[in-house]
Amino acid sequence: MAREFKTVGVVGLGTMGAGIVEVFARNGVDVVAVEVDGAALDKGRENLRASTDRAVARGKLDPADRDALHARVTFAVGLDALRDVDLAVEAVPERLDLKRHLLAELDRVCPPGAVLATNTSSLSVTEIAVATERPGQVVGLHFFNPAPVMRLVEVISTVVTESEVTRDVQALCARLGKVGVSVADRAGFIANALLFGYLNQAIGMYETGYASREDIDAAMQQGHGLPMGPLTLLDLIGLDTAYQVLETLYQRGGHDRRHAAAPLLRQMVTAGLLGRKSGRGFYTYQAPGSSRLAPDDLTPVAAEAGHPAPRTVGVIGSGTVATDVAEVLTAAGVDVVTVAGPGDLAARDLAAVDLVVVAGLSTAPVIDVAMATGRPADVVGLHFVGGPAAQARLVEVVRTVRTSPTAVRAAHQLCAAFGRTAVTCGDRAGFIADALLLPYLNDAVRMLESNYSTADDIDAAMKLGCGYPAGPFELLDTVGLDVALAVQTAIHRELPEPGLAPAPLLRNLVTAGRLGRRTGGGFRDHAG
Ligand SMILES: NC(=O)c1ccc[n+]([C@@H]2O[C@H](COP(=O)([O-])OP(=O)(O)OC[C@H]3O[C@@H](n4cnc5c(N)ncnc54)[C@H](O)[C@@H]3O)[C@@H](O)[C@H]2O)c1
């Protein structure tokens, strides 16, 4: 029989702690909620109140249940209030010295049998545990943001965690309606080890002017169906927390340059731009803590009207993608001249078209084809993201070093004419959406290859912890392992970082003909 945790202490009521209090209290557990001072305590209480009021307003919580939830929570300043708890969970800022000090204090105050848990995202649970006299009773209990919504909890056991403690904490997760995934103590565990390289890369794209913040976010949200774009997610996480997590991942994870925090992130933290909680991060919000955007200097102005969409378009490319694109354009009333590929260019007359579109060459630079046309200023790449052109909601308009602003504008009008969201980006391997997605998929393969976790748990972690519509292995089997390998190879060729090299397991599966669903098997077998 797993032990029952009747009273739980939560230390630190910021972005995560207030949500963790809500999760416990909603599920019948008495909570002692602790902060450093009165002002922070009031803020934590207010966070809890606002979140439960929102749940009531949305019909997700009964007003009577909300009142019962609040009646289960006692608020206090200082750790002395934790004398009778069965479990204490800390959610203070992501700093090792602070957490070690706090755990040593909790060890002193809490009853001898109590379990101590850290909500750290990236720090070593082992180093935190050994600051106490009871390292066998210390675990990582990593909730996801927002804690009341995300169903995943990573349960981290160190080499000295007692197995009954892990079992009891897993049973508690089930009681809270969460899915506990057990992992060992490695930097970033499953989800953050796969998430933060991607987030940091998105900051880099924005910082270098490769694409706008809105376009980067739209590419991932609309192109790949993620619940929010990376810069919006960073604002939700809190840029100070994100910075600390990247620092730790970089130090503990073998100095992978992809985890070296983008300079802009550090500057923003120094300037107090911490995301939603401070009212401004990559975006500006109506008030600190609000999720509602307020327009700022970077908010795009609505496109000027009056420029008609191009009437005649040349489509360069062969195969199904070019055919699909030509069909979508034709259905939107555009006259289409198709050209099989660069070799065929000389034979076709593109003089009469208003715009030249390169379709389906997602691993080759658009400029290669553009130069072959003899009119590179009129050439844009159109990359349909999220399925065949007829289904894809997002189109990346690829601007080469020779594309004219007029051609970019014309391409956007064209996309508007056939009802797609268009984003603009430079001519780099993977453009925006695949350049951000593929390295993450490749990292997931490396994680599997290292036997840190299973394909099922990794898929579950990304779906239940980050709200992704599919886990990395489900997605790889759908997209095709050969397609993923080709794009990742192109990305690595352009940027030969060791961390971007295609995972050997991915290569081997492709060599073995296991390409995913369409061959009956990839990472998993697919019958029929
Ligand atoms: N933000 C996220 O998305 C997220 C997700 C999962 C895990 N985490 C982890 O949760 C932890 C907290 O992160 P956060 O984003 O909620 O931080 P935060 O800055 O929003 O909140 C931290 C809170 O801790 C309080 N605090 C500081 N020292 C304290 C002390 N000695 N005693 C009591 N309270 C104290 C602060 O007053 C503040 O309210 C970190 O370890 C972080 O890595 C964060």
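Just so you know, ligand 1 is whichever comes first in the structure, and atom 1 is the first atom listed for that ligand.
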Distances for all N or O pairs of ligand 1 and the protein under 3.5 Å?
residue	atom	partner	partner atom	Å
ligand 1	1 (N)	I237	O	2.8
ligand 1	3 (O)	N145	ND2	3.0
ligand 1	8 (N)	S121	OG	3.2
ligand 1	10 (O)	N119	ND2	2.9
ligand 1	15 (O)	T241	OG1	3.1
ligand 1	16 (O)	T15	N	3.3
ligand 1	16 (O)	M16	N	2.8
ligand 1	19 (O)	K277	NZ	3.4
ligand 1	20 (O)	T15	N	2.9
ligand 1	20 (O)	T15	OG1	3.0
ligand 1	20 (O)	K277	NZ	3.4
ligand 1	34 (N)	E35	OE1	3.4
ligand 1	37 (O)	E35	OE1	2.9
ligand 1	37 (O)	E35	OE2	3.3
ligand 1	39 (O)	E35	OE2	2.6
ligand 1	41 (O)	V92	O	3.4
ligand 1	41 (O)	E94	OE1	2.5
ligand 1	41 (O)	K99	NZ	2.7
ligand 1	43 (O)	E94	OE1	2.8
ligand 1	43 (O)	S121	OG	2.7

Could you pull out all donor-acceptor pairs under 3.5 Å where a side-chain atom in residues 227-235 meets a protein atom, sequence neighbours excluded?
residue	atom	partner	partner atom	Å
T232	OG1	D217	OD2	2.7
D235	OD1	F282	N	2.9
D235	OD2	F282	N	3.2
D235	OD2	Y283	N	3.0
D235	OD2	Y285	OH	2.6

Partner set under side-chain hydrogen bond (donor to acceptor under 3.5 Å, both in side chains) for T454, not counting sequence neighbours = none

Heavy-atom pair of closest approach, residues V125 and G140 = CG1-N, 3.7 Å

When you check the side-chain N and O atoms of Q170 and S182, is any donor under 3.5 Å from an acceptor?
-> yes

Minimum side-chain heavy-atom gap D168-V115 below 4.5 Å = no

Taken in chain and number order and not counting sequence neighbours, the residues that satisfy side-chain contact (heavy atoms from CB on, under 4.5 Å) with R54 are A50, S51, R58

